[in-house]
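Report on one structure; see the data block that follows.
Please read all numbers here as calculations on a predicted model, not as lab measurements. We use all heavy atoms of the structure for the numbers below, so side chains are in, but hydrogens, waters and symmetry mates are not.
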Amino acid sequence: MSIKNIRLEVMQFLEKNVDSFVDQFLIPVEKIWQPSDFLPNSESNTFLEEVKELREIAKDLPYDFWVALVGDTITEEALPTYESWLMEVEGVDNQERNGWSKWIRQWTGEENRHGDLLNKYLYLSGRVNMREVEVTTQHLINDGFDIGTGTDPYKNFVYTSFQELATYVSHNRVSQLAKNFGDKKLSKLCKMIAGDEMRHHLAYSEFVDQIFKVDPSEMMLAFQYMMKQKIVMPAHFLRESGQKISSAFEQFSDSAQRIGVYTANDYVDIMQKLIEKWEIDKIGGLTSEAEKARDYLMKLPSRMAKISERLVIPAESYIFKWVEPARL
């Protein structure tokens, strides 16, 4: 039997438990928070006063903070790309509306709230050029992305396990920074988004854990493959108006590192957390090739940590069209 057919069988085997995954890791629509819970109430007589207060507090937030927040927002707003990509994964059948497609639709429903909330906050803050933000978002959706996984579910679930934890780190750090700058409401809404991302990380990492139990060697090789080629961020093709693909991502990354929202050390830390979570040092029944892959993975975090120590982040900020320093 081919590797592709084995993967399909494993996905079909795990599909039997999708309902339990939904119950465990997602929250019913009627019970979960919605963006309007954390924004000024437009139906209230105090709406304008609430917006004025929001804008006043927003004045104290520094340039790199706004760049990081805008970049996080744009990443969340490119959700159509992520849903369509996951729907193409082997074992997911949206036409038959199987268990995996149910999971992806409901995961998408939860994720959709993040971009809505952050977009509305940015709009009300008066501190960003919303048209430029919208242009970048449309470019990111139009350009799509290639994360190097193809339709392989093993590689895709490694990616989502890593990426959901990375977005948790980013939103949680923004929340902490907003609190330090005195913006308690922004801090709370980012913390709520971070909470969703952590639940989603736990779900996708559980999927990988389940695959390790039934197809350990191929899962180990898929993990090694993704770590060797490195995890590409969803916003890797980020660009502003008039720019070419991916021309702005490095500058966005520099801002995020300068202010401590997401750093090279975080990348290494997430890698180590996944290695420990899946307890790859204890997995038995591996082929010789998979054993070598495990050895590579066990040594990789320390190697990457040494490389990250040598990184030099530019002290000066690139001036994005999204945020105008003079207005801050």
Between [Y] and [X], is there a side-chain donor-acceptor contact under 3.5 Å, judged purely by atom types and distance?
| X | Y | answer |
| --- | --- | --- |
| Asn265 | Ser308 | yes |
| Thr137 | Glu77 | no |
| Glu132 | Ser241 | yes |
| Glu206 | Gln210 | yes |
| Trp103 | Tyr204 | yes |
| His139 | Glu240 | no |
| Ser205 | Trp278 | no |
| Thr263 | Asp266 | yes |
| Thr73 | Asn119 | no |
| Arg105 | Thr108 | no |
| Glu50 | Thr46 | yes |

- Please step through side chain to side chain contact (heavy atoms under 4.5 Å, CB included) for the pair Ile57 and Lys185, ending with a clear verdict. CA-CA 10 Å; Ile57 295 173; Lys185 291 183 178 179; over 6 Å; no
- Item | Presence of salt bridge, Arg131 and Glu134, under 4.0 angstrom | no
- Query: Got a salt bridge between Lys273 and Asp269, using NZ or NE/NH1/NH2 to carboxylate O under 4.0 Å?
  - Reply: yes
Is there a continuous path of hydrophobic side-chain contacts, each under 4.5 Å between heavy atoms, that joins [X] to [Y]?
| X | Y | result |
| --- | --- | --- |
| Ile259 | Val67 | yes |
| Ile270 | Val232 | no |
| Phe237 | Ile141 | no |
| Ile313 | Tyr318 | no |
| Leu14 | Leu8 | no |

Which pair of non-hydrogen atoms, one from [X] and one from [Y], has the smallest distance, and what is that distance?
| X | Y | result |
| --- | --- | --- |
| Cys190 | Val174 | SG-CG1, 3.7 Å |
| Leu186 | Tyr121 | CD2-OH, 3.6 Å |
| Tyr154 | Ile6 | OH-O, 4.5 Å |
| Val208 | Ser161 | CG2-OG, 3.8 Å |
| Arg127 | Val323 | O-CG1, 4.1 Å |
| Ser187 | Ala178 | N-CB, 3.8 Å |

List for me each residue that meets salt bridge (Lys or Arg N to Asp or Glu O under 4.0 Å) alongside [X], sequence neighbours excluded, and say none if there are none.
| X | value |
| --- | --- |
| Glu110 | Arg199 |
| Glu83 | none |
| Asp183 | none |

Between [X] and [Y], is the gap from one ring center to the other below 6.0 Å?
| X | Y | answer |
| --- | --- | --- |
| Tyr267 | Phe162 | yes |
| Phe21 | Trp107 | no |
| Phe157 | Trp100 | yes |
| Phe145 | Trp85 | yes |
| Trp33 | Phe38 | yes |

- Task: Begin from the C-alpha positions of Lys306 and Glu309 and carry the test salt bridge (Lys or Arg N to Asp or Glu O under 4.0 Å) through to its verdict.
- Result: CA-CA 5 Å; Lys306 292 177 182 177; Glu309 289 172 2; over 6 Å; no
- Evaluate side chain to side chain contact (heavy atoms under 4.5 Å, CB included) for Glu197 paired with Glu111, printing each intermediate quantity in order. CA-CA 8 Å; Glu197 304 292 11; Glu111 287 282 340; 2.9 Å; yes
Mind checking the [atom1]-[atom2] spacing from [X] to [Y]? Nearest 0.5 Å is all I need.
| X | Y | atom1 | atom2 | result |
| --- | --- | --- | --- | --- |
| Asp209 | Leu202 | CG | CG | 11.5 Å |
| Ser255 | Arg258 | OG | CZ | 4.5 Å |
| Asp196 | Leu26 | CG | CG | 9.0 Å |
| Leu300 | Asp295 | CG | CG | 12.5 Å |
| Leu118 | Ile193 | CG | CD1 | 3.5 Å |
| Leu238 | Met233 | CG | CE | 13.0 Å |

- Please report the C-alpha distance between Glu76 and His171 in whole Å, then the side-chain angles of each, then the deciding distance to 0.1 Å, and finally whether the side chain to side chain donor-acceptor pair (under 3.5 Å) criterion is met. CA-CA 11 Å; Glu76 296 287 354; His171 288 301; 2.8 Å; yes
Check whether more than 12 heavy atoms from other residues, nucleotides or ligands sit under 6.0 Å from atom [atom1] of [X], and answer yes or no.
| X | atom1 | value |
| --- | --- | --- |
| Asn180 | CG | yes |
| Gln34 | CD | yes |
| Glu289 | CD | no |
| Phe47 | CZ | yes |

- Do His200 side-chain atoms and Glu164 backbone N/O form a donor-acceptor pair below 3.5 Å? no
- Task: Just do the side chain to side chain contact (heavy atoms under 4.5 Å, CB included) check on Val135 and Lys321 with the steps written out, would you?
- Result: CA-CA 10 Å; Val135 166; Lys321 296 177 182 179; over 6 Å; no
- Message: Could you go through Phe223 and Met227, starting from their C-alpha distance and side-chain angles, then the distance that decides it, and tell me whether this counts as side chain to side chain contact (heavy atoms under 4.5 Å, CB included)?
- Response: CA-CA 6 Å; Phe223 188 16; Met227 293 301 98; 3.6 Å; yes
- Item | salt bridge (Lys or Arg N to Asp or Glu O under 4.0 Å) assessment of Asp152 paired with Arg7 | CA-CA 8 Å; Asp152 183 338; Arg7 278 163 164 64; 2.9 Å; yes
